[in-house]
Amino acid sequence: MGSVLKRWKLPAVMLGPFIILISLFYFLPVVLIAILAFTSMDSAMRWDFNGLANFQKLVTDPNIGVVVKNTIIYVGFTLLFNVFFGLALGILTTYFIQKESVGLFFRTIWMLPRISPPVVYTLLLLWFFDPSEYGVLNSLRALFNMPPDKWLTTHPMTAVILANGLIGASFGMIIFSSAIKSIPKDLFYAASVDGASQWSVIKDIIIPAVRWPLMFVTLWQFLSLLTSYEYILLLTNGGPLFESEVLALYSYHKAFQNFEFGYGSAISLVLVLIALIFSALMWKWFGMKKMMGSSRIE
Amino acid sequence: MRKMKKVTASVLSTFVLGMGILTGCGKTDQSAESEANANKPKVVTIEAQTAAPEVTRVENLEKAAEKLNEELKKQGKNIQVKVKTNVFEGSWEEYSKQFMLAFKAKKEPDIYTTGHENIGWLADGNYILPLDELKKSKEYSDVFPVLWDSVTYKGHIWGALQDTEARPVFYNKDILRKLGWSEEQINNLPEKVKNGEFTLEDMTKLAEEAKAKGLAEFGIIHRPVDGPDFHVMVYNFGGKLYDPKENKIVLDKKAVKKQLDYYYDIAKKDLIPDNLTQMEWSNIHKTVVNGKALFYYGGIWNVFNWGQDNFHEKLGKVDEKWVNEHFGMMLIPAAEKGGKGITLSHPFVYTVSSQTEHPELVKRLLELVADPALQTEHNVKTFHLPVTKGGAEHPDFKANITLGKVAYMTEYTTFLPNHEGFPKYSKAVFNAIQAVELGKKTPEEALKDLEVQLKNDLGDQLKIVE
């Protein structure tokens, strides 16, 4: 008895707070959402269980088609943008710019949108897309005698994807540039002695070396994009109409604008399920188990 | 197994220890407070909350508390009331949401000031107390009778009427002058609207004329976001929004179709800005104040807003006198010739939290705050209308050039229903209006989608009238 206590005292003291934090802030919300999804909780905040009514409502919701379509477009294109643009930035700032201080300078610039608070960043974007002739984009158009355009009305999804893509790219950039840096220099020297073209250096050395980070970034960004809505909320609030409304934002609107907490939770629960299924699938497709093994460059 | 138990025990004890430290902190504060207050008269703090910018709504409660304290002294009670005010800044949805959450955390204000249409969900959720005795009190004996409808829900009174307003259509006098109207014609327009001689169709035609002649950039401006103004059109087209007998929201398909036709029509004729529902409020005010629009579906309190910020390009803040020289105010013209002009009011009310510890003191405070002088101070400062005849007869109110012109509108007014599901109806109708204005849907399509949406959102709370 005494020895067991002795053995577990330290780990318990060390891990206890974290286990509490994780269960309070990560696990409990999911459990609560799962329970709430089966209630008709509204502004009266009563736990009235109503079976599968919320899910039936979700299937018959006239907006759900367009919202799901938007979610696919949003997650798909932003993910492409995040991963490939992040990779391009990583290669540019580590391979093409060999001088570390210069590369670091450019990487820092790309990190700025991520460091700035979302509200401030979105405010700048709102000014960038402003429909009046004073907006940045429109004043550029004015140089070519083009009339001002209402960007957020005419191209809401493009604006949302661009905004999220530009922020998200810095995440990939950081991961990829450190992966590229860890490639032994000899490989590059050997390639240049053999007279390899830049393209073949990228294709045959860099890409294979960053294969695992590439998959990690894809999975990670996919999950965070699926549930993120703050930039859309601030930029277009899902509008005009439902043109830039995605599932996560729809859940927020239902819960906190219409005060249908039960229904909003049901939508969130569907999102959680989608995330779980895709994580499992990607884990399998990408062979994550193999990734956890030893490094392939040695 | 035993190991597991140990781990669980350790984890739990860490947790309990943490909670102990937290609650310990709370206790010391409380005991210090009670010791200090032992000898003085017992101070009862009543919290009151309102939304910016009309802070007079809670400031008046502070003044009413002074009277209440005198009363309490006379009665020989060792109690003094202190009103703690709180002004919320943010959207109306956030204002509702924070009250909901504060209530559940037992940190809500005792008096929550809100629009009358929130009574439905507040009462259904047991957030507020019924205030039926207010109707019998001396202070509320001369309330304009129609206003009681706005605070009645399921047969009870749920709020103390605080103020009401007029939502007139502002018309730009300068543009009418340029169209060749005489001063007399311009000043007679409200009368013609009132009698149904100048109809909604005439208004649209006039806006077209002004736009065609290049005198106005826009013919008509309405609010850019969801709100009560849109629903008055259903009443104007002879429809209903609510069935009090069944306590159900009504989708009056004929009237709503005409409502959507109207917004489709003014958008198609290019009378409104094509991104009106994406515009910021400040841009709406700028467009109107700078004379770019002939008609504006506004609110009387806009006169107050225009004096608060620099909306005019040259003059900056504009005062009441300037507004009255350049703008006239009329009812919303009747949909048909020979009908009557119409408007919608949105009385503001004080509601009382059902968790308040001092319901009697709070109720007495709400009686005292209905004092005509206090009402008038708020009304004149923020351009609202009184709820009692006493308030309407106050000399300062009568002397006000703006308010005097719209006081008659209370007789032509309508209200939104107090039903809990109405915000959902409102949001769905606003989306439909947005869709027809942006040209994404025809009124027929929008109505069809609206019906599906409302059936889904409201379920058996909805009654459809063909």
Side-chain angles (χ1 to χ4, degrees), chain A residues 1 3-21 23-24 40-46 50 53 56-64 126 130-132 149-154 156 236-243 245 253-261 263, chain B residues 2-15 17-18 91 93-94 96-97 99-101 103-104 118 120-127 225-226 273-275 277-280 283 420-421 423-424 427-428 431-432 434-435 437-438 440-441 448-457 459:
Chain A
M1 186 75 186
S3 66
V4 175
L5 188 72
K6 218 173 177 181
R7 208 173 129 201
W8 284 99
K9 202 163 77 186
L10 191 64
V13 170
M14 296 297 228
L15 291 177
F18 300 104
I19 291 173
I20 290 171
L21 281 180
S23 36
L24 267 183
S40 63
M41 187 182 279
D42 59 3
S43 52
M45 294 221 175
R46 276 188 285 256
N50 63 352
Q56 274 164 4
K57 196 170 164 180
L58 185 65
V59 179
T60 53
D61 194 319
N63 301 316
I64 204 72
L126 281 175
D130 194 86
S132 74
D149 196 351
K150 299 170 185 79
W151 299 99
L152 291 175
T153 315
T154 49
T236 63
N237 197 14
L241 285 174
F242 291 97
E243 279 180 41
E245 185 100 352
H253 277 149
K254 285 290 168 192
F256 293 108
Q257 203 168 49
N258 272 13
F259 301 126
E260 295 176 77
F261 296 110
Y263 186 41
Chain B
R2 205 193 262 167
K3 274 182 202 166
M4 274 303 290
K5 265 188 191 164
K6 284 285 161 200
V7 177
T8 332
S10 318
V11 169
L12 278 176
S13 56
T14 322
F15 187 70
L17 206 78
S91 72
E93 282 135 20
E94 283 164 5
S96 302
K97 189 168 66 186
F99 179 75
M100 243 176 241
L101 298 176
F103 185 94
K104 291 295 164 187
N118 290 305
W121 70 260
L122 286 168
D124 279 343
N126 291 332
Y127 288 102
V225 292
D226 182 21
D274 50 7
N275 63 332
T277 47
Q278 264 89 47
M279 278 169 79
E280 295 275 331
N283 284 335
E420 173 236 332
K424 289 179 207 163
K427 181 103 186 73
N431 279 339
Q434 208 178 3
E437 283 192 355
L438 289 169
K440 308 255 180 201
K441 289 180 192 170
K448 221 173 104 195
D449 292 351
L450 177 68
E451 192 179 340
V452 179
Q453 174 82 57
L454 286 175
K455 275 182 188 162
N456 204 48
D457 280 355

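Heavy atoms only: backbone and side chains are in, while hydrogens, waters and symmetry mates are out. Every chain is numbered from 1 and lettered A, B, ... according to where its sequence line falls, protein lines coming before strand lines.
- If you tally non-hydrogen atom pairs under 4.5 Å between each of B:Thr277, B:Asp449, B:Asp274 and chain A, the highest count goes to B:Asp274.
- Of all non-hydrogen atoms in A:Ala44 and B:Gly125, the two that sit nearest each other are CB-CA, 3.4 Å.
- The two atoms that bring A:Pro240 and A:Thr153 nearest to each other are CG-O, 3.6 Å, heavy atoms only.
- For the pair B:Asn431 and B:Lys441, the minimum side-chain heavy-atom distance is 4.5 Å or more.
- Only the side chain of B:Gln278 comes within contact range of chain A, with heavy atoms under 4.5 Å apart.
- Atom NZ of B:Lys448 is surrounded by 12 or fewer heavy atoms from other residues, nucleotides or ligands within 6.0 Å.
- For the set B:Gln434, B:Lys440, B:Lys424, the count of heavy-atom pairs under 4.5 angstrom toward chain A peaks at B:Lys424.
- Side chain of A:Tyr263 to backbone of B:Asp457: no donor-acceptor contact under 3.5 angstrom is found.
- Contacts of A:Lys57 with chain B are made by both backbone and side-chain atoms, with heavy-atom separations under 4.5 Å.
- When each of A:Asp61, A:Asp42, A:Leu152 is checked for heavy-atom pairs under 4.5 Å with chain B, A:Asp61 comes out on top.
- Here the closest non-hydrogen pair linking A:Asn63 and B:Gln453 is ND2-OE1, 2.7 Å.
- For A:Gln56, no part lies near chain B; criterion is any non-hydrogen pair under 4.5 Å.
- Note on B:Met100, B:Glu420, B:Lys427: by heavy-atom pairs under 4.5 Å with chain A, the leading option is B:Met100.
- Looking at B:Lys104, only its side chain comes within 4.5 Å of chain A, counting heavy atoms on both sides.
- Looking at A:Phe18, neither its backbone nor its side chain comes within 4.5 Å of chain B, counting heavy atoms on both sides.
- The aromatic rings of B:Trp121 and A:Phe259 lie tilted to each other, with the angle between the two planes from 30° to 60°.
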